[in-house]
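Just below is one structure, and these are the notes that go with it.
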Amino acid sequence: MSLYDPAKTEPKWQAAWDEAGTFKATMTGDKPKYYVLEMFPYPSGRIHIGHVRNYTMGDVIARYKLATGHNVLHPMGFDAFGMPAENAAMAIGGHPKTWTYENIDTMVGQMKPLGFGLDWSRMFATCDPEYYGQQQALFIDFLAKDLVYRKNAVVNWDPVDMTVLANEQVIDGKGWRSGAEVERRELTQWFFKISDYSEELLDALDTLENWPAKVRLMQENWIGKSRGLEFGFERVDGEEPITVYTTRPDTLMGASFVGISPDHPIAKKLEAENPEIAAEIAEMRKGGTTAEALEKAEKRGVDTGIRTKHPLDSNWELPVWIANFILMDYGTGAIFGCPAHDQRDYEFASKYELPIVPVFGEEEITEAFVPAKTEKVTFLRGFAGATEQTGDEAVDAAIAAAERDGWGSGVTKFRLRDWGLSRQRYWGCPIPVVHCDDCGVVPEKKENLPIELPDDVTLDIPGNPLDRHPTWRDCACPSCGKPAQRETDTMDTFVDSSWYFARFTAPDAKTPTDMEAASYWMNVDQYIGGIEHAILHLLYSRFFARAMNITGHLPDSAREPFHALFTQGMVTHAIYMTTGEDGRPVYHYPEDVELRDGGGFLKDGTQVKIIPSAKMSKSKNNVVDPVEIIKAFGADTARWFVLSDSPPERDVEWTASGAEAASKHLNRVWMLCDKIGKMPADYAGRDNEELMREMHKAIHDVTMAIDSFGFNAAIAKLYGFASTIAKSDAGTNEKKLAIKTLAQLMSPMTPHLAEDIWAHQGGEGLIANAPWPVADEKLMVEDSVTLPIQINGKRRGEMKVPRDMPKDEVEKAALAHEAVVKALDGGQPKKLIVVPGRIVNVVV
RNA sequence: GCCCGCGUGGUGGAAUGGUAGACACAGGAGACUUAAAAUCUCCAGGCUUAAUAGGCCGUGCCGGUUCGAGUCCGGCCGCGGGUACCA
């Protein structure tokens, strides 16, 4: 008996696919096209098991679509700019570029043996000058169409290292290297005008029928359309009124104070004039910029001394406070505080002993009362609408009243902010503009692109090396030719990943895209990636597709670039952590940790802290390298194993237990094939009809499962079908057909083994190109079904009846069933429910 | 804090509102073998019972809708993702 040897067969079939150009994407013939894309990886060093899972899913779809007669585009590349390369250069020396390209080589070397059906000829990395040069061209075109502009925005500022920090580099409000308390500081930065598209990006979500509902909901909430009232608080001192925006104008009679952001113009003016307020604002500016940090920070405020008049009662004066929880970039940067019906206002008012006056509900209040706006409440101090009304009705009535009396107007606002793309970092795409003393900010000429990053930089001291490079900044003004200076900010890496899918359609084009290729291949028919990208990456890409359409780089039909989206779950693993001498966490690889006595220990006996179940991430070292499984069992086993058991959309805690069993099963299938190959050609068998029925059921079920991303379900069916073939006493012809069909159904998951079986059974050509089998529904039908019998909803028996037995006969048969007779005890059933082919329920 | 998910045997998980636990892993028993490996067969949610039959309980917790709820609704608890400079 010959054993299946993946180490020999897998490279053989990979070479055969290469030679036949099986996965090279072409636009030829009249076949329909299919573009399947998995989110490209960051080249962190080595691939981990999460990558294997993700790319195997995409490959199953790609191979299945190839077999169902499509021109398939299935490319791969690398999202290669970003902080980890700089961090590596700081930590271990070397150059980000070297580190990145070496990682890419390693990862490609690990991916190729997995046998993915990828068109490798289209591969690129976003740090290739050929790619980012085209990205610079896009930026210049966006600039010309007013899709990019400059404004001030806050960043995390490390006052010791004198550098901007990423949110990830701020730990508990302190800089990760210096340990200094981080401050929020304003810088002039570049922004994409994504907020101009808020309404369109929101409305178009309804057209994305093949996206998960949860992703659409998350984007809807992120865009955050709201209707509210904008109005001015007149100042007692007669200065310009303070304009506020509120989504709860119906609570205006519960107003307790007017709050403004520390970044509000009034606050800034006071900061410059009044040292006490300046000191207080300096305190408020401490800490990082994340929404989480701002929301969780203790409420803090300072009375400006300014007094305003309540719009409904000019004798009612309200104080103006600067409050740390009010954001300048949402609404107008100013609010009125209604502590009775807003949790944050309640905390603030309690702390500073400001009045808390309920508008609806009960007079006595011990916490903020915030019912859903759809709920009906009784108003104690309403000023518009009925006494009893829902929040929504009250808001509408309040806006109508304000508009009627002319002191405010209803407005629609969005939470979505413009996309800040400036990064004060080296390893990113240079922003192609020049600062000229005479001409101002001028875009670079396209013929000068790409503006390449200089190689001769050092990252041993904090800050952006482009700023301190002796010559790189110096250039001629593209407009007047006088000496000028380059922009030293680089682009957010989200820019790189917002159009790579379009570039894959023509990766060598001398313009960002080639319209013919883009029109043929776009949109991505099936996009696959992690749920962690549900908002930012996918929203930015949707914006970019629109911007690229406006600038003539994508057809109208590609404004929504991803036809269908599947979000796979993450592979998680415990994090093993110790604390370094400097007090900062040190993360250890799973293979360096031994688990015993309910704890984890390093080789030197040090106990590690175990943080259970977190997303595999290079920065936490909780990654598992698939190389051991591939070495021990081959690519097919790894592919089969990562798809089996867990539903693809669910997170899965990694464990290798079961990999060996998966390998054994594949071997069993091979031996079954070998055995069938040795059957006498004329053996007639007995179970032919039954085997053919099971085969057609398997074709049907597996096809359905693949179509709906139920890979684990497909694999469960394939286990069953393999076992059916093994046990069946069918004839040689039937068995050969069955094993070839099994191989075809397995081929998207275990392509090498499938090719081998196909060849062994004399299949024509490559199984990768063989047409997908089609189930004959007529051959799937069984004549009888087993109906469970319930009494009062609990299963008490079952009966076997002909599939097409009429309902009244089923009823009769059920009533004659011994369990029913016993339960009725001579009486009549209260109700009898018969669901044909499913169930009988007798209510007694 | 806010937004979005998820929660089923020892484990991964299955189940168009219709027999909860398919299919696997780990485990147990057996067959084959001098032995081991490999392979094959069988058992297996919990409690009750000598065992079987039967009965009771059971899909994070509490409540609701329904002839019938893992599935739908409301409230809680726990875990995960995102939170605009990690990618």
| request: Can you tell me the distance, in whole Å, between the NE2 atom of A:His537 and the C1' atom of B:G81? | output: 16 Å
| Span that lies between the P atom of B:U59 and that of B:C72, in whole angstrom | 15 Å
| field | B:U65: pairing nucleotide in any strand, Watson-Crick or G-U under 3.5 angstrom | value | none
| Using purine N1 to pyrimidine N3 plus N6-O4 or O6-N4 for Watson-Crick, or N1-O2 and O6-N3 for G-U wobble, both under 3.5 Å, which nucleotide pairs with B:U71? | none
| If we ignore angles and hydrogens, is there a donor and acceptor under 3.5 Å between the side chains of A:Gln424 and A:Gln189? | yes
| message | Between B:G55 and B:C3, how far apart are the two P atoms, rounded to whole Å? | response | 47 Å
| remark: Paired to B:U49 by Watson-Crick or G-U wobble criteria (both distances under 3.5 Å) is none
| message | Parallel, tilted or perpendicular: which one describes the rings of A:His51 and A:Tyr55, with boundaries at 30° and 60°? | response | parallel
| query | Where each residue is assigned the nucleotide of RNA chain B containing its nearest heavy atom, which of A:Val835 and A:Pro647 is assigned the position nearer the 5′ end? | reply | A:Pro647
| request: Identify which one of A:Tyr500, A:Tyr42, A:Trp427 satisfies the ring pair (Phe, Tyr, Trp, His ring centres under 6.0 Å) criterion when paired with A:Phe81. | output: A:Trp427
| What is the distance from CD of A:Gln189 to P of B:C85, rounded to the nearest Å? | 9 Å
| message | In whole Å, measure the gap between the C1' atoms of B:A24 and B:C62 for me. | response | 34 Å
| task | Identify whether any heavy atom of A:Leu217 sits under 4.0 Å from a base atom; if not, whether one sits that close to sugar-phosphate; answer base, sugar-phosphate or nothing. | result | sugar-phosphate
| query | Side chain of A:Gln790, base of B:C67: donor and acceptor closer than 3.5 Å? | reply | no
| Phosphate oxygens OP1/OP2 of B:C67: is one of them under 4.0 Å from a side-chain N or O of A:Asn792? | no
| message | Quick check on B:C4: is either OP1 or OP2 less than 4.0 Å from any side-chain nitrogen or oxygen of A:Lys214? | response | no
| query | Which base, if any, makes a Watson-Crick or G-U wobble pair with B:A26, both distances under 3.5 Å? | reply | none
| query | Which one is paired to B:A44, where only Watson-Crick or G-U wobble pairs with both distances under 3.5 angstrom count? | reply | none
| said: If the cut-off is 4.0 Å, is A:Arg423 near the phosphate of B:C86, judged by side-chain N/O to OP1 or OP2? | reply: no
| Base, sugar-phosphate alone, or nothing: which one does A:Glu220 contact when heavy atoms must sit under 4.0 Å apart? | nothing
| field | Pair A:Glu694-A:Lys697, salt bridge (Lys or Arg N to Asp or Glu O under 4.0 Å): steps then yes or no | value | CA-CA 5 Å; A:Glu694 291 304 316; A:Lys697 274 160 82 171; 3.7 Å; yes
| note | By the Watson-Crick or G-U definition, both distances under 3.5 Å, B:G21 is matched with none
| Below 3.5 Å, does any donor atom in the side chain of A:Asn167 face an acceptor in the base of B:C85, or the other way round? | no
| Contact pattern, 5' to 3', of nucleotides 21-29 of chain B - B, S or - by protein heavy atom under 4.0 Å | -BSSS----
| If you check every side-chain atom of A:Asp79, which of B:G1, B:A87, B:U41 has the closest atom? | B:A87
| field | Short side-chain donor-acceptor distance under 3.5 Å, A:Thr289 and A:Asn167 | value | yes
| note | Side-chain atoms of A:Arg796 come closest, of B:A84, B:C56, B:C67, to B:C56
| Stepwise side-chain contact (heavy atoms from CB on, under 4.5 Å) test for A:Leu421 and A:Phe494 | CA-CA 8 Å; A:Leu421 69 117; A:Phe494 273 123; over 6 Å; no
| task | Take atom C1' in B:U41 and the same atom in B:A51, then report the distance between them in whole Å. | result | 23 Å
| said: Counting the atoms with a prime plus P, OP1 and OP2 as sugar-phosphate, which does A:Val170 contact under 4.0 Å by heavy atoms, base, sugar-phosphate, or nothing? | reply: nothing
| query | Counting only side-chain N and O atoms of A:Lys794, is one of them less than 4.0 Å from OP1 or OP2 of B:C57? | reply | yes
| task | Check every atom of B:C67, B:A87, B:C85 against the side chain of A:Gln424 and return the nucleotide holding the closest atom. | result | B:C85
| B:G9 versus B:G45 - spacing of their C1' atoms, nearest Å | 5 Å
| message | Please pick, from B:U16, B:C86, B:G81, the nucleotide with the shortest atom-to-atom distance to any side-chain atom of A:Ile531. | response | B:G81
| Side-chain donor-acceptor pair present, A:Trp190, A:Glu487, cut-off under 3.5 Å | yes
| Toward the 5' end of RNA chain B, which comes first, A:Asp651 or A:Val840, by nearest nucleotide? | A:Val840
| said: Take a 6.0 Å sphere around CG of A:Asp172 and say whether it holds more than 12 heavy atoms from other residues, nucleotides or ligands. | reply: no
| field | Interatomic distance, A:Asn667 CG vs B:U39 C1' [rounded to whole Å] | value | 11 Å
| Has the side chain of A:Gln219 got a donor or acceptor that lies under 3.5 Å from a partner of the other kind on the base of B:C3? | no
| task | Indicate, with a heavy-atom threshold strictly under 4.0 Å, whether A:Phe325 touches base, sugar-phosphate, or nothing. | result | nothing
| Within this structure, what is the CE-to-P distance between A:Met704 and B:A15, rounded to whole angstrom? | 12 Å
| message | Quick one: does any side-chain atom of A:Glu86 pair with a main-chain N or O of A:Met83 as donor and acceptor, under 3.5 Å? | response | no
| task | Could you tell me whether the side chains of A:Ser195 and A:Asp418 share a donor-acceptor contact shorter than 3.5 Å? | result | yes
| request: Let me know the distance between CZ of A:Phe348 and P of B:G1, rounded to the nearest Å. | output: 20 Å
| For B:G63, glycosidic torsion class - syn if within 90° of 0, otherwise anti | anti
| task | Write down the partner of B:G58 under the Watson-Crick or G-U wobble criteria, each distance required to be under 3.5 Å. | result | none
| query | With a non-hydrogen cut-off below 4.0 angstrom, is A:Val215 in contact with a base, only sugar-phosphate, or nothing? | reply | nothing
| said: Taking only side-chain N and O atoms of A:Arg650, does any of them lie within less than 4.0 angstrom of OP1 or OP2 on B:G7? | reply: yes
| G-U wobble or Watson-Crick pairing nucleotide for B:C2 (cut-off 3.5 Å, both distances) | B:G82
| Between B:A87 (P) and A:Met491 (CE): distance, integer Å | 15 Å
| query | Roughly how many Å is it from CD in A:Glu295 to P in B:G82, rounded to a whole number? | reply | 18 Å
| task | Between B:G78 and B:G27, how far apart are the P atoms? Round to whole Å, please. | result | 35 Å
| said: For a quick check of understanding: with a heavy-atom distance under 4.0 Å over all strands, which category does A:Gly530 fall into, base, sugar-phosphate or nothing? | reply: nothing
| request: May I ask you to evaluate whether A:Thr290 reaches the phosphate of B:U83, defined as a side-chain N or O under 4.0 Å from OP1 or OP2? | output: no
| task | Choose from B:C86, B:A84, B:C67 the nucleotide whose nearest atom is closest to any side-chain atom of A:Tyr540. | result | B:A84
| A:Asp492-A:Trp419 side chain donor-acceptor pair, cut-off 3.5 Å | yes
| remark: Considering only heavy side-chain atoms of A:Arg795, the closest of B:G12, B:U83, B:A20 is B:A20
| said: Given B:U83, B:G12, B:A87, identify the nucleotide with an atom nearest to the side chain of A:Ser646. | reply: B:G12
| said: How many whole angstroms separate atom CD1 of A:Ile839 from atom C1' of B:U19? | reply: 6 Å
| query | What does A:Lys727 touch in the nucleic acid at a heavy-atom separation under 4.0 angstrom: a base, only the sugar-phosphate, or nothing? | reply | sugar-phosphate
| query | Parallel, tilted or perpendicular: which describes the rings of A:Tyr527 and A:His537, with under 30° parallel and over 60° perpendicular? | reply | tilted
